[in-house]
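The structure appears below as structure tokens.
Values below: every heavy atom of this structure, side chains too, minus hydrogens, waters and symmetry copies. Given the structure is predicted, the values throughout are model-derived calculations rather than measurements.
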Amino acid sequence: MTAAETADRFDPRAIQSKWQQRWAAMDIFSADDDPADPRPRTYLLDMFPYPSGDLHMGHAEAYALGDAMARYYFLRGHNVLHPIGWDAFGLPAENAAIRNNTHPADWTYANIEVQAASFRQYGVSFDWSRRLQTCDPDYYKWTQWLFLRFYERGLAYRADGYVNWCPVDQTVLANEQVIAGKCERCGSEVVRRVLTQWYFKITEYADRLLADMAALEGKWPDRVLLMQRNWIGRSEGAEVAFQIEARDDPVTVFTTRPDTLYGATFFVVAADSPLAAELCAPEQQSALSDYVAEVRKLTDIERQSADREKTGVFLGRHAVNPVNGERIPIWAADYVLPDYGTGAIMAVPAHDQRDLDFARVFGLPVRVVLDTDSPDPAVTGVATPGAGTLVNSGPLDGLSKQAAIARIIEILAERGLGRGAVNYRLRDWLLSRQRFWGAPIPIVYCDGCGEVPVPDDQLPVVLPDLRGQELAPKGASPLAAATDWVATECPKCGGPAKRDTDTMDTFVDSSWYFLRYCSPSFEHGPFEVEAVRRWSPVNLYVGGVEHAILHLLYSRFFVKVLHDMRMVDFTEPFTALVNQGQVINHGKAMSKSLGNGVNLGEQLAAHGVDAIRLTMIFASPPEDDIDWADMNPDALVKFLGRVARVAADVAAAPAARAGAADPAAGDPDLRKVTHRTIDEVTRLVEATRLNVAVARLMELVSAARRTIDSGPGGGDPAVREAAEALAVMLSLFAPYTAEECWEILGHEPSVAQAGWPTADPALVVQDTVVCVVQVDGKLRDRLEVPASVGADELRALALASAPAERALAGRGVRTVIVRAPRLVNIVSS
RNA sequence: GGGGCCGUAGCCCAACGGCAGGAGGCACAGGAUUUAGGUUCCUGGCAGUGUGGGUUCGAAUCCCACCGGCCCCA
């Protein structure tokens, strides 16, 4: 390519297939597992995709970002692990299989191949040799193995749990599939139903999941840490035992406000809890069961909504307030959830809004026990949850809220009626799914031996070959219909046994995949301990904020368990985290129903890979959303043309060959810009401020253009220096154009192996700077001063400034603020 | 209802508490090149930082309130 040939608009698409082929033949981005490799190791991880079809705009942004960071570390000479795989189990494959009368694997693997091809076209620097798919038996074998280790440690257990059940579709629905209490698919009313389910005991790790976040501070986005803290939801308070009339055992409640115990005027149990049924007096049983039938139609979110009119049923029984012996009525209501705390609460209507709303509906007493200087809640209907001074509370009277909490816990503890306690919002992780396309739970049930884990040497428990209508929901997991598969023999006694017919939540698969990448074909365990020790934890994890809570929390949980098993020597999997924003269109998330989707393939075809990647990077800070309607990829096509033209002008100049001329002989102004740009871009990339880094590259291109056009021409060694630095730095974002430029400049491919340019400190420092002279904070003069100027000298220079003197207008000088060498502020008296 | 984030030219975005010659780009206008309203190169205008207080020698930046938008929990 010569300057003449690029006279027309540069077309970055023209060089793509040439470089795709040449890169495919070169092994550039493989991580070196040799323990003796002396290079620093960097593990750069992109969240792996779900193969729902081809890559979309969101992928384009996320992988452009991760790839820029990976390529940076490659160029810095690190031994980089930048793997790719697929989160390949999940419901969409199952639905597609039912629709098309095929096997979910057909759809899954076909989509994976489409995405893999798109990744290669997109020029992402993956180590393809480590590719994995969570639906491969030699992957889910180890998911099952890990389940069994959790089981052995008592961290996996079976219990009854509530699920959203659609009576028409005969299936369990995820919370997201329940819209306003109705089934998303058929519109029928969803009910809550009890099923026996497997759980991981993540609550046992709640305190560690919370405490270890201190190490992530500043390296993970603040809002993600905040979301995780809120999700874990630690609250301090007390457990208080209430005697129940005509019952031997007391019922314990958790409260964050034990100070208001004297204000408890009634007691509420979750209507649909076993406790409600047990406590209910015989004459109220039918009222309760009618009520429970209504409650089961509601989702948790509706039940806890503050706007809903409170409902409930009196159970015909009373509890006894342990501090004052008062008889308080026991009610069943839906605003208390059966699986939160103990499923029962003490109600203090004066100081809790939901309790007050309930009390006002049913005419229950409201007793103020905390003077907060606010109007009486019984009159206003507004509870007073704030701080104040205790009243009507016996020994607590006169104490502050904080002091009363401490005192009442002492009193309760002395009398054996309660104790200080911590409660977490976090629930155990329900991992059973009544689905086919997931990892089977490796447990069998034997009439004689009960629940028996599948021995390690019988793993994997491979999915049976079901397809099409066999996967349609029929009231139980599709696996239950595979009777030949279900029937097995008990590993313990050899007698007849049945397999568990549920599969694991796909979040289990994704909670350890980053460990598998370190030794993807290891056959003696989920990962080779030494390989993980070398590569982990992940240095930088890039992915969407939609995983801010569950995936990241589950992965952190897994690593902590593995740490306790002594299989890893760290406790946090991801040292640093970057959440890229969403790509939206006209202010809204892209969706089929809005019809505002933008097709990535069409964008790539229209503008080329480099321009799309660069648009994604340049649009905004990585964590901000990109509104595609505001973007103009052609602007970046133009920029790529400017870069290519600089390279072409260098190559067209007869004198200069690669490595032939000393840059020191070139234009000194351009050299300063080049080295300052290298310095700045380096720091910007390390801070993932990539949009600003691109702006700096644009400035460097303009500076090179100025030098070329103003006389020295493309033959000036400083122009070559600039063009070479540009090609390398640009390769983070626009690998095709960068590679082409590198070749034009006379170098062997690949630019990915060229090494990151080094800034010459002598060229980065400025010898003179402009010093601003202010009078009372207003700009009055500028002085060109040596960068090394002393404070006293600068003060004298500023005071001698004529414009400053004029601005002072004869007033005296009270003080002078000197910030050498940039600023002097003269404050008048 | 609780918690958090964000408001800078027509648009996307920069600015260790210190010059808004706005870093960069889009769009727009003008000029040069050109057969060309296309390409390339050059030049230019456009905001005073959502509003009102406060802290400070100095505030887009820190604090408070309000307005508007977004996110998480409920």
Option among A/Pro821, A/Ser788, A/Pro786 that satisfies the side chain to side chain contact (heavy atoms under 4.5 Å, CB included) test with A/Val769 | A/Pro821
C1' spacing across the pair B/A14 / B/G54, given as an integer number of angstrom = 28 Å
With sugar-phosphate meaning primed atoms plus P, OP1 and OP2, does A/Arg814 contact a base, only sugar-phosphate, or nothing at under 4.0 Å between heavy atoms?
-> nothing
Residue set satisfying ring-ring contact (aromatic ring centres under 6.0 Å, His included) with A/Tyr205, at least two apart, ordered chain then number -> A/Phe557
Can you tell me how far P of B/C13 sits from CG of A/Asp624, to the nearest Å?
-> 6 Å
Which value, in whole Å, describes the distance between the C1' atoms of nucleotides B/G45 and B/G31?
-> 15 Å
With P as the reference atom in both, quote the distance from B/C6 to B/C13 in angstrom, rounded to an integer.
-> 14 Å
For B/C41, take OP1 and OP2 only and decide whether either is under 4.0 Å from a side-chain N or O of A/Arg645.
-> yes
Have a look at B/G48 and give me syn or anti from its glycosidic angle (syn if within 90° of zero).
-> syn
Do any side-chain nitrogens or oxygens of A/Asn691 fall under 4.0 Å of OP1 or OP2 in B/C12?
-> no
Judged by atom type as modelled, is there a donor-acceptor pair below 3.5 Å linking the side chain of A/Asp667 to the main-chain atoms of A/Ala718?
-> no
Between the protein and nucleotides 71-73 of chain B, list the N/O to N/O atom pairs that are separated by less than 3.5 angstrom.
unit_1, atom_1, unit_2, atom_2, d
B/C73, O3', A/Arg425, NH1, 3.0

Using the P atoms only, state how far B/A15 lies from B/A60, rounded to an integer number of Å.
-> 15 Å
Distance between the P atoms of B/G25 and B/U35, in whole angstroms?
-> 29 Å
Report which part of the nucleic acid A/Asn632 touches: base, sugar-phosphate, or nothing (heavy-atom distance under 4.0 Å, all strands).
-> sugar-phosphate
Distance only, no hydrogens: is a donor on one side chain within 3.5 Å (strictly under) of an acceptor on the other, for A/Asp634 and A/His607?
-> yes
Taking the side chain of A/Arg689 as its heavy atoms from C-beta onward, which of B/A23, B/G18, B/A15 lies nearest to it?
-> B/A15
Gap in Å between the two P atoms, one belonging to B/C46 and one to B/U40, rounded = 27 Å
Taking B/G18, B/A14, B/C26 as options, the one with an atom nearest any side-chain atom of A/Val692 is B/A14
Please determine if a side-chain N or O atom of A/Lys638 lies less than 4.0 Å away from the OP1 or OP2 oxygen of B/U40.
-> no
Checking N1-N3 plus N6-O4 or O6-N4 for Watson-Crick, or N1-O2 and O6-N3 for wobble, each under 3.5 Å, the partner of B/C5 is B/G69
Contact under 4.0 Å: A/Arg642 side-chain N or O vs B/C41 OP1/OP2 | yes
Scan every strand shown for a Watson-Crick or G-U wobble partner of B/U56, both distances under 3.5 Å, and answer none if you come up empty.
-> none
Among pairs that include at least one residue of residues 610-623 of chain A, which meet salt bridge (charged side-chain N to carboxylate O under 4.0 Å, His left out), considering only residues two or more places apart or in two chains?
-> A/Asp67-A/Arg613
Among residues 613-621 of chain A, which contact RNA chain B at a heavy-atom distance under 4.0 Å?
-> A/Phe618, A/Ala619, A/Ser620, A/Pro621
Return the nucleotide paired to B/A23: Watson-Crick means purine N1 to pyrimidine N3 with N6-O4 or O6-N4, wobble means G-U with N1-O2 and O6-N3, both under 3.5 Å.
-> none
For A/Ser273, which residues count as a side-chain hydrogen bond (donor to acceptor under 3.5 Å, both in side chains) partner, sequence neighbours excluded?
-> none
Under a 3.5 Å limit on both distances, the Watson-Crick or wobble mate of B/U35 is none
Got a sec, which pairs hit side-chain hydrogen bond (donor to acceptor under 3.5 Å, both in side chains) with one end in residues 689-705 of chain A, sequence neighbours left out?
-> A/Arg642-A/Ser702, A/Asp649-A/Arg705, A/Glu680-A/Arg696, A/Arg696-A/Glu699, A/Arg705-A/Asp709
Contact class for A/Gln353 (heavy atom, under 4.0 Å): base, sugar-phosphate, or nothing?
-> nothing
Option passing side-chain hydrogen bond (donor to acceptor under 3.5 Å, both in side chains) with A/His351 (candidates A/Asp259, A/Thr260, A/Thr384) | A/Thr384
Could A/Lys638 and A/Phe10 be counted as a cation-pi pair, given that NZ or CZ must be under 6.0 Å from the ring centre and within 45° of the axis?
-> no
Whole-Å C1' distance, B/U61 and B/G48 = 15 Å
From CA spacing to verdict: side-chain contact (heavy atoms from CB on, under 4.5 Å), A/Val701, A/Met698 = CA-CA 5 Å; A/Val701 173; A/Met698 290 175 167; 5.7 Å; no
Spacing of the C1' atoms in B/G17 and B/A9 (rounded, Å) = 24 Å
Base, sugar-phosphate alone, or nothing: which one does A/Lys778 contact when heavy atoms must sit under 4.0 Å apart?
-> nothing
Under 3.5 Å, side chain of A/Asp679 to main-chain N/O of A/Ala759, donor-acceptor pair present?
-> no
